[in-house]
Novice: 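This is the structure I have questions about; it appears just below.
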Amino acid sequence: MNVSPHDPRWQDLLPVFALEALEGEDRRQLEEHLASGCATCRAELEELKRDLAVLAEAVSSVEPSPEIRQRLMDQLPGQSPKIVPFGSRLNTAAAPSATDDSIAAPSSGLLSVGLWRGLAMAAALTGVLLGLATFWQQRELGAVRYERDRLVGQLERNHGQLEELRSEAKALASEVSALTSRQARQVVLAGLEEAPGAKALAYVDEVQSTARFYAFDLPATPSGHEYQLWVISAGVPASAGVFTVEEDGSARVEISALPAERPIDAWAVTIEPSGGVPQPTGPMVLLSS
Amino acid sequence: MKEGDREAMASLYDGHASAVLGLLVRLLRDRAEAEEVLQDVFLQAWRQADRYQADRATPRGWLLMMARSRGLDRLRSRTARVRREEESEGTPSSPTRATAPEVVERLAESERTHQIRRALGTLPTEQRIPIQLAFFEGLTHTEVADRLAAPLGTVKSRILLGMRKLRTALEPYRP
Ligand SMILES: [Zn+2]
């Protein structure tokens, strides 16, 4: 057959043809042109098939029913596929159809060549699958495992973060409710000579006998020392806890049980030896007004 | 055939069956039929392993292209029948959608799949949609034109432009 003259129009139709979406007269003519052996179009078709073989991998997976695998393995012949005469092979159900060799041009002119080559090489089949599978499989398995580990790691990290966020959110929610509850009374503490820039707030829930204390702009304590918070009732200080400050000079103390017998007259913070003391001994840095 | 090849086949199946089934379900929109074709595809791979050329496609790409051809055959042989049924029923049969892949299955999808998907996503929508309809849903170019209510010529040229862009975008993932 003579090569029919190449026309740039064919090249424009090749992508649709490669997608097997071309129909009608266009398809018939292009098939004829390909069958005539135009090297330009055949090469381009090959390239398009390669692109599509990659694109196909964009598909989402669907897990097959488990019994399919066994059914498939049962159908595999135990021996090498028999090489049957060319003619009879065509009539068996196992005969590759024109669309079988999807990587090759779907032109019918190539079919017999592909089939012949396939049959001729069937004897050399042994090991091909193994090689094919092991090379790419190992490579892909590696990638999959890496990705799985990465995602699992991420999930675990996210899980940890989630837990953290959850407890943080819980704390915040309870803080907000404490801050906004009607019983909460706000006490302001101002910095004294030791820390003139410092300030603090205490939110006191008198019904629950609990309080939350927030301090800001406190200097770090000397080594071996901590801040100690005091509530003073009728001139007698009672410890409400010891604390250290964050790098930014802030601190937070939660007081779960305020002395309930007598009303609190004042709040104060002193610098004390680490661990705190029963009665204040060190310099006072914050005092409520 | 050596026992080793059966093992290779099993590992080929384990590595790619879910991707192949994913493509078939998308194409045929019928899980039972897709699973039938899935078996055929792997039997075909068994018979034609010698035709595989590593410089043309990855094993997965090779299997997927075989699956697409077989799926397309099925789709087109039933299209006339389904159309007749649809016409007689007056309403188009609702496609059986694939169940959403489980989180675990998503985990098994390789980075490569994500990257290829991302590459596809770089195409302008007007070029990407006709390619997706033709490639993954097996529509012919006239069906694509109908679906998008666009002239045939426009569909062809969008596919042409899209496939050109895709070649550049997919270049890093070609074998
Ligand atoms: Zn040509």
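Chain naming here is simple, since letters A, B, ... match the order of the sequence lines and numbering starts at 1 in each. Source: prediction; values computed, not measured. The figures that follow rest on heavy atoms only: side chains count, while hydrogens, waters and symmetry mates do not.
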Novice: Please report the shortest heavy-atom distance between P175(B) and V54(A), naming the atom on each side.
Specialist: CD-CG2, 4.4 Å
Novice: Does this structure show an ion pair linking K156(B) with D12(A), if we count only N-O contacts that are shorter than 4.0 Å?
Specialist: no
Novice: Could you measure the distance from the CD1 atom of I131(B) to the CG atom of L55(A)? Nearest 0.5 Å is fine.
Specialist: 7.5 Å
Novice: Do K49(A) and R56(B) touch side chain to side chain, with heavy atoms closer than 4.5 Å?
Specialist: no
Novice: Report the distance from atom CG of D51(A) to atom CZ of R164(B), rounding to the nearest 0.5 Å.
Specialist: 12.5 Å
Novice: In plain terms, say whether E44(A) and R167(B) are close enough for a salt bridge, that is, a side-chain N and a carboxylate O under 4.0 Å apart.
Specialist: yes
Novice: Let me confirm one number: the CZ-CD distance from F135(B) to E20(A), rounded to the nearest 0.5 Å.
Specialist: 9.5 Å
Novice: Please lay out, stage by stage, how L166(B) and L52(A) fare under the test side-chain contact (heavy atoms from CB on, under 4.5 Å).
Specialist: CA-CA 9 Å; L166(B) 209 51; L52(A) 292 176; 5.6 Å; no
Novice: Checking heavy atoms, do the side chain of L120(B), its backbone, both or neither come under 4.5 Å from chain A?
Specialist: side chain
Novice: With a 4.5 angstrom heavy-atom cut-off, which part of L13(A) approaches chain B: side chain, backbone, both or neither?
Specialist: side chain
Novice: Measure L43(B) against the heavy atoms of chain A and call it side chain, backbone, both or neither at under 4.5 Å.
Specialist: both
Novice: If you define the side chain from C-beta out and look only at heavy atoms, does anything of L38(B) sit under 4.5 Å from P64(A)?
Specialist: yes
Novice: Please report the shortest heavy-atom distance between A19(B) and V59(A), naming the atom on each side.
Specialist: O-CG1, 3.5 Å
Novice: One pair to check against side-chain contact (heavy atoms from CB on, under 4.5 Å): Y13(B) and I68(A). What are the steps and the verdict?
Specialist: CA-CA 10 Å; Y13(B) 181 88; I68(A) 304 279; 3.4 Å; yes
Novice: Considering only NZ, NE, NH1 and NH2 on the basic side and carboxylate oxygens on the acidic side, decide whether E47(A) and R174(B) come within less than 4.0 Å.
Specialist: yes
Novice: To the nearest 0.5 Å, what is the distance between CG on D14(B) and CZ on R69(A)?
Specialist: 4.0 Å
Novice: Could you check whether any side-chain N or O of E35(B) sits under 3.5 Å from a backbone N or O of S65(A), counting only pairs where one atom can act as donor and the other as acceptor?
Specialist: yes
Novice: Any sub-3.5 Å donor-acceptor pair from R68(B)'s side-chain atoms to L19(A)'s backbone N or O?
Specialist: yes
Novice: Distance from M73(A) atom CE to W46(B) atom CH2, nearest 0.5 Å?
Specialist: 7.0 Å
Novice: Check this for me, if you would: do E57(A) and R117(B) make a salt bridge, where the nitrogen-to-carboxylate-oxygen distance has to be below 4.0 angstrom?
Specialist: no
Novice: For E23(A) and T140(B), which I'm curious about, is there any donor-acceptor pair between the side chains at under 3.5 Å?
Specialist: yes
Novice: Using every non-hydrogen atom in the two residues, find where A56(A) and F136(B) come nearest and quote the distance to one decimal.
Specialist: O-CE2, 4.2 Å
